[in-house]
Amino acid sequence: MDAVRIIAASRRSLTEATTLQDVIVEAWQAQALAEAIGSHLAIFGPYEVRSRARGLGDAGGRFSGGLLCPASATGGLRAAQLSEVRDVRAALLGLCRLLQEVCEALVGVVLLADEEAMYWNCVEAMDTVDEARDRVSGILEKLEVRDRNPA
């Protein structure tokens with residue numbers, strides 16, 4: 001499945017999240033998707049962005065177990081359905097928006113967290129999401145430079 005479709009599904013699921021656990025599951029899904037897109041672009045993406053995409057894959061991977069979301073609670077990873085990134089720019093812009101929305105949703109979880117462990121897990125997740133978003137922005141900048149200076 002194309003990255004843009006998976007991102008759209010993730011954004012929809014995040015907006016439909018009604019419980020703290022739902023938000024945490026969607027944060028986990030988004031980070032797995034960032035890892036998958038980064039890994040995909042590191043291999044198949046434009047040459048100019050491959051090393052930065054590898055960094056995105058690494059940033060997403062650091063979070064994978066961070067919020068302890070069993071696969072049974074998530075219905076499986078949407079990121080596992082990723083088979084292509086047809087429009088790299090659209091996928092990265094959508095991923096950036098998704099990561100921003102996840103960060104905002106995690107702020108709400110932090111404010112409502114009644115357990116210290118959940119609080120700190122969410123804070124750590126927000127840091128990781130911010131790092132992934134920064135890496136996506138870096139890839140977008142590289143693409144912009146490439147498009148302005150075609151060889």
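If you're wondering where the values come from, they're calculated on a predicted model, not measured in any experiment.
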* Structure fact -> Minimal heavy-atom distance between Leu93 and Leu140, with the atoms involved, is CD2-CD1, 3.7 Å

* Flag the pair Leu33 / Arg78 as yes when at least one side-chain heavy-atom distance between them is below 4.5 Å, and no otherwise. => no

* **Residues that Arg86 engages under salt bridge (charged side-chain N to carboxylate O under 4.0 Å, His left out), provided they are two or more places apart** => Glu84

Please tabulate, one pair per line, all N/O donor-acceptor pairs under 3.5 Å involving side-chain atoms of residues 39-49, not counting sequence neighbours.
unit_1	atom_1	unit_2	atom_2	d
Ser39	OG	Glu35	O	2.9

* Asked: For the side chain of Gln29 and the backbone of Ser13, is there at least one donor-acceptor N/O pair under 3.5 Å apart?
  -> no

* **For Arg89, salt bridge (charged side-chain N to carboxylate O under 4.0 Å, His left out) partners two or more places apart** => Asp147

* Interatomic spacing from CD in Glu115 to CG in Leu20 - rounded to 0.5 Å -> 10.0 Å

* Asked: For Tyr119, which residues count as a ring pair (Phe, Tyr, Trp, His ring centres under 6.0 Å) partner, sequence neighbours excluded?
  -> none

* Between Ala17 and Asp22, what is the shortest heavy-atom contact and its length? -> CB-CB, 3.6 Å

* Asked: About how many Å separate CD of Glu26 and CD of Gln31, when rounded to the nearest 0.5 Å?
  -> 12.5 Å

* **Close side-chain approach of Arg146 to Lys142, heavy-atom, < 4.5 Å** => no

* To do: Kindly give the heavy-atom pair with the smallest separation between Ile6 and Gln81, and that separation in Å.
  => CD1-C, 3.8 Å

* Not counting sequence neighbours, which residues clear side chain to side chain contact (heavy atoms under 4.5 Å, CB included) with Ala90? List them please. => Val4, Asp87

* To do: Begin with the C-alpha distance, continue with both residues' side-chain angles, and end with the deciding distance and a verdict on side chain to side chain contact (heavy atoms under 4.5 Å, CB included) for Leu143 and Leu92.
  => CA-CA 10 Å; Leu143 287 174; Leu92 292 171; 3.9 Å; yes

* Asked: Ile24 versus Asn121: any side-chain heavy-atom pair under 4.5 Å?
  -> no

* Asked: What do you reckon, is CD of Glu16 surrounded by more than 12 foreign heavy atoms closer than 6.0 Å?
  -> yes

* Asked: Would a hydrophobic clustering, with Ile, Leu, Val, Met, Phe, Trp and Tyr connected at side-chain separations under 4.5 Å, put Leu111 with Trp120?
  -> yes

Please tabulate, for the side chains in residues 96-109, all donor-acceptor contacts under 3.5 angstrom to protein atoms that are two or more places apart in sequence or on a different chain.
unit_1	atom_1	unit_2	atom_2	d
Gln100	OE1	Arg133	NH1	2.6
Gln100	OE1	Arg133	NH2	3.4
Gln100	NE2	Glu104	OE2	2.8
Glu101	OE1	Arg11	NE	3.0
Glu101	OE2	Arg11	NE	3.2
Glu101	OE2	Arg11	NH2	2.6

* Taking every non-hydrogen atom, the tightest pair across Leu56 and Ala34 -> CG-O, 3.6 Å

* Hey, is the main chain of Ala30 close enough, under 3.5 Å, to the side chain of Ser10 for a donor-acceptor pair? -> no

